[in-house]
Amino acid sequence: MIFGLYALAALAEIAGCFAFWAWLRLSKPVWWLAPGLISLALFAWLLALVPSEAAGRTFAAYGGVYIIASILWLWLAEGRLPDRWDISGAAICLAGAGIILFGPRG
């Protein structure tokens, strides 16, 4: 369930940020901002649903998932094949997120 929430949150955040990117950098119409704002609000709501005793730990662990999702967005939405540096960097970040999320607490 945690990974599903993180994955949905990442999709919502990337889609929302991309709407702003498209408006500002790709000259898309200003109405692209409306679904972007809705998507970013959905992202915040989904991330708040992650069961955790500390918001900072939830956000830190989410960072690794966000990086993986961003690399997938690069490949699937933008049509740019990730290179070995993209993949190895994302794997390192995901390992770190796993340590933060699943590490034993005392």
Side-chain angles (χ1 to χ4, degrees):
M1 179 175 146
I2 292 172
F3 184 75
L5 286 171
Y6 276 140
L8 290 173
L11 178 62
E13 183 180 15
I14 291 168
C17 289
F18 185 76
F20 277 79
W21 175 279
W23 167 69
L24 189 62
R25 305 276 305 264
L26 302 177
S27 301
K28 296 296 182 185
V30 71
W31 62 262
W32 274 58
L33 297 178
L37 287 169
I38 292 168
S39 187
L40 288 172
L42 177 63
F43 150 71
W45 179 72
L46 289 166
L47 199 55
L49 294 178
V50 172
S52 177
E53 76 287 350
R57 189 170 291 131
T58 299
F59 302 158
Y62 167 73
V65 175
Y66 179 79
I67 290 169
I68 297 292
S70 297
I71 297 300
L72 287 171
W73 183 275
L74 171 74
W75 180 32
L76 299 173
E78 296 185 63
R80 296 180 183 239
L81 192 62
D83 62 24
R84 65 181 178 191
W85 302 110
D86 295 324
I87 293 168
S88 59
I92 291 168
C93 291
L94 190 59
I99 292 168
I100 291 168
L101 188 61
F102 299 114
R105 304 282 179 238

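Side chains included, hydrogens not; waters and symmetry mates left out as well; all remaining heavy atoms used.
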Check your understanding: What heavy-atom pair brings Ile2 and Val50 nearest, and what distance separates the two atoms?
Key -> CG2-CG1, 4.3 Å
**Study point:** Residue pair Tyr6, Leu101: steps toward the side chain to side chain contact (heavy atoms under 4.5 Å, CB included) verdict
**Key:** CA-CA 12 Å; Tyr6 276 140; Leu101 188 61; 3.8 Å; yes
Revision key, fill the gap. When every non-hydrogen atom of Lys28 is compared with those of Trp23, the smallest separation belongs to O-CD1, 3.3 Å
Check your understanding: More than 12 non-hydrogen atoms from neighbouring residues, nucleotides or ligands closer than 6.0 Å to CZ on Arg25, yes or no?
Key -> no
Practice item. Among residues two or more places apart or on two chains, list those pairs meeting side chain to side chain donor-acceptor pair (under 3.5 Å) that have a residue in residues 45-60. Key: Ser52-Thr58, Glu53-Arg57
Check your understanding: Are Leu5 and Ile100 connected in the hydrophobic side-chain network, where two residues link if heavy atoms are under 4.5 Å apart?
Key -> no
Point to revise | Gap separating the CG atom of Leu81 from the CG atom of Asp83, nearest 0.5 angstrom | key: 8.5 Å
Exercise for review: Indicate the atoms forming the closest heavy-atom contact of Ala19 with Gly36, along with that distance.
Suggested key: CB-CA, 3.6 Å
Review point. Taking all atoms of both residues into account, what is the closest heavy-atom pair of Ala69 and Ala10, and its distance?
Key: CB-CB, 3.6 Å
Check your understanding: Do Ser39 side-chain atoms and Pro35 backbone N/O form a donor-acceptor pair below 3.5 Å?
Key -> no
Check your understanding: Do you reckon Leu49 sits in the same ILVMFWY cluster as Tyr62, going by side-chain contacts under 4.5 Å, direct or chained?
Key -> yes
Review point. Transitively linked via ILVMFWY side-chain contacts under 4.5 Å: Ile87 with Leu72?
Key: no
Practice item. Search all heavy atoms of Leu46 against all heavy atoms of Ala9 and return the closest pair with its distance. Key: CD1-N, 3.8 Å
Check your understanding: Do the side chains of Phe102 and Ile92 join up, straight or via other hydrophobic residues, at under 4.5 Å, putting them in one cluster?
Key -> no
Check your understanding: So which heavy atom on Ala91 is nearest to which on Ile68, and how close?
Key -> N-CD1, 4.5 Å
Check your understanding: Heavy atoms, side chains only, cut-off 4.5 Å: are Ile14 and Phe43 in contact?
Key -> no
Exercise for review: Check the hydrophobic clustering (I, L, V, M, F, W, Y; side-chain heavy atoms under 4.5 Å; chains of links allowed) and say if Leu11 and Ile67 are grouped together.
Suggested key: no
Point to revise | Residue pair Leu26, Phe18: steps toward the side chain to side chain contact (heavy atoms under 4.5 Å, CB included) verdict | key: CA-CA 10 Å; Leu26 302 177; Phe18 185 76; 4.1 Å; yes
**Study point:** Interatomic distance, Leu37 atom CG to Phe20 atom CZ [nearest 0.5 angstrom]
**Key:** 4.0 Å
